[in-house]
There are 2 protein chains.
Amino acid sequence: MTTASKRKTSMADRVYEALKDDIFEFRLLPGDKFSEGDVGTRLDASRTPVREALYRLQREGYVEVLFRSGWRVKPLDFEQIEDLYDLRITLEKAAIHKICELPEEPSAIRTLVAIWNPDHPSERAVGSTVRALDESFHCDLVAAAGNREMARIHREISDRLRIIRRLDFTRNDRVDATYKEHAQILDAIRRGDAQTAADDLARHIRISQKAVKEITMERIREAAQRHRQAENATEGSPDQA
Amino acid sequence: MTTASKRKTSMADRVYEALKDDIFEFRLLPGDKFSEGDVGTRLDASRTPVREALYRLQREGYVEVLFRSGWRVKPLDFEQIEDLYDLRITLEKAAIHKICELPEEPSAIRTLVAIWNPDHPSERAVGSTVRALDESFHCDLVAAAGNREMARIHREISDRLRIIRRLDFTRNDRVDATYKEHAQILDAIRRGDAQTAADDLARHIRISQKAVKEITMERIREAAQRHRQAENATEGSPDQA
DNA sequence: GGTTGAATACTTGTATACTAGTTAAATTGT
DNA sequence: ACAATTTAACTAGTATACAAGTATTCAACC
């Protein structure tokens, strides 16, 4: 049953998700090379859906194809990440201004206020779920502005940044700060003070950006270390000429 | 010589360009259905590169696939176009603010000033080239802000809007206005007056947006008319029961 | 040891064969 | 004449075969 179409999700989708996960979980490290055949064998699929998945990941900036010479996981480009964060801030600030100019407050805002109200600290989730909550806070904020294309692009950027943002809430002080900052932003929005909200939001993102950058670099060093050790372990004894 | 790889451009690229052109030139109308096989036969390519091109066009929002039931040119969604214009304005305004905050004026600005200086009306190009010039004005402006991701997204949006923006400069008054408005924006930027520049730019885009919308709707009606006539011509004599 | 070069194993790009699902026409029963 | 049902043609999804270019290996040579 090689032709395992699960009715709903296509083979190409499954390969896409699997590869994306490999990249996100650092099983495929930035710089790693691999071939379409490898992936196909590993995930029990033919090259056709593998290619489709790879081209999709290429367009999203995760991998690149070397003409007739295999594929490579794109190295993390910190300058690019800076740019993505910058763009994220631009979009979210614009969204805030739009929301404040709306004739009436979107219902989504009230929902967010309920979630991020610091008066209900008992409902605070732990690290792993806070990450998802934080991402959806920013996504929902942009969505509330009512521009679907802006929301789409913002989601694309969030996807691209998730690989490093997920390392944020590993410390409790970041969780606490996030709750306070989100509540602050929402409060300014409800007062209609777009300028203050936008400034608070920009500061909020910059802080998380800085925290995450340090952790990421450390993690990559660790992963590379493990990688090298695993390689050495498979070799009988390294040549030393 | 079915396997006509021209060394530099792949078959998939050629198919992609050809299809995009078909859509832009209204040879494929919004709503038209077609199959991978059709395209392959018409462009003398196998289904594999055709599929790659189609999936690319799908991701860019020009076509959609109906499960095991063919492809369709996505109908023009005017709400989406409004959103794209809106997003374009957001990005370009942000770019202007960034440029004005830069320590020194980017050289690209001086280049633009030279091109769009109304004191040199002799160099004004005619309609078709002005369209390309206008697009590159806005792209260069964003690029000058120095955020490559922002420039990339802006280019993507410009691509998406080109199909209708190309109908702008069909009247001389729009050409004249464009020159004046661009010069005005650049002037404000050079004075460091980001607010004025941003406002002028937003107005400039809105004007062109409105002009283009009317022309587009008319053109689509015309194309649909021609389409119907061609269909009727091929039929011997329509059944009338 | 160091360099060159041909053979070879891999790689992606493309074509084609086959499968599963959809659609619309043809056929049949009433 | 019409509705329901069968069937045949057509569709994209997938697997595989082949072509064309790339990287690597390894032996021959200096």
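Within every chain, numbering begins at 1; the chains are lettered A, B, ... in the order of the sequence lines, protein sequences first and strands thereafter.
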Spell out, as yes or no, whether a donor-acceptor pair under 3.5 Å connects the side chain of A:T90 to the backbone of A:D86.
yes

Any donor-acceptor pair under 3.5 Å linking the side chain of B:D134 with the backbone of B:R131?
no

Spacing of [X] atom [atom1] relative to [N] atom [atom2], expressed in whole Å:
{"X": "B:R51", "N": "C:dT12", "atom1": "CZ", "atom2": "C1'", "answer": "17 Å"}
{"X": "A:Y16", "N": "D:dT14", "atom1": "OH", "atom2": "C1'", "answer": "20 Å"}
{"X": "A:R14", "N": "D:dA15", "atom1": "CZ", "atom2": "C1'", "answer": "15 Å"}
{"X": "A:F67", "N": "C:dC10", "atom1": "CZ", "atom2": "C1'", "answer": "14 Å"}
{"X": "B:M11", "N": "C:dA15", "atom1": "CE", "atom2": "C1'", "answer": "10 Å"}
{"X": "B:L54", "N": "C:dT14", "atom1": "CG", "atom2": "C1'", "answer": "16 Å"}
{"X": "A:E52", "N": "D:dT14", "atom1": "CD", "atom2": "P", "answer": "7 Å"}
{"X": "A:R47", "N": "D:dT14", "atom1": "CZ", "atom2": "C1'", "answer": "13 Å"}

Verify whether the ring centers belonging to A:Y55 and A:W71 lie closer than 6.0 Å.
yes

Counting just side-chain N and O atoms, does A:S46 come under 4.0 Å of either OP1 or OP2 of D:dA15?
yes

Below the 4.0 Å mark, does C:dT12 have OP1 or OP2 next to a side-chain nitrogen or oxygen of A:Y55?
no

Using a cut-off of under 3.5 Å, enumerate the N/O to N/O pairs linking the protein to nucleotides 6-11 of chain D.
{"from": "D:dT11", "atom 1": "O3'", "to": "B:G70", "atom 2": "N", "distance (Å)": "3.0"}

Side chain of A:T48 (C-beta onward), nearest among D:dT16, C:dT16, C:dG13
D:dT16

Report yes or no: is the cationic atom of A:R165 (NZ for Lys, CZ for Arg) under 6.0 Å from the centre of the six-membered ring of A:Y85, at an angle within 45° of the ring normal?
no

Closest contact, heavy atoms only, A:L102 versus A:A144
CD2-O, 3.9 Å

Report the C-alpha separation of B:H182 and B:H204 in whole Å, then their side-chain angles, then the decisive distance to 0.1 Å, and conclude whether the side-chain hydrogen bond (donor to acceptor under 3.5 Å, both in side chains) test is met.
CA-CA 8 Å; B:H182 283 187; B:H204 163 61; 3.0 Å; yes

Would one find more than 12 heavy atoms of other residues, nucleotides or ligands at under 6.0 Å from atom CZ of B:R162?
yes

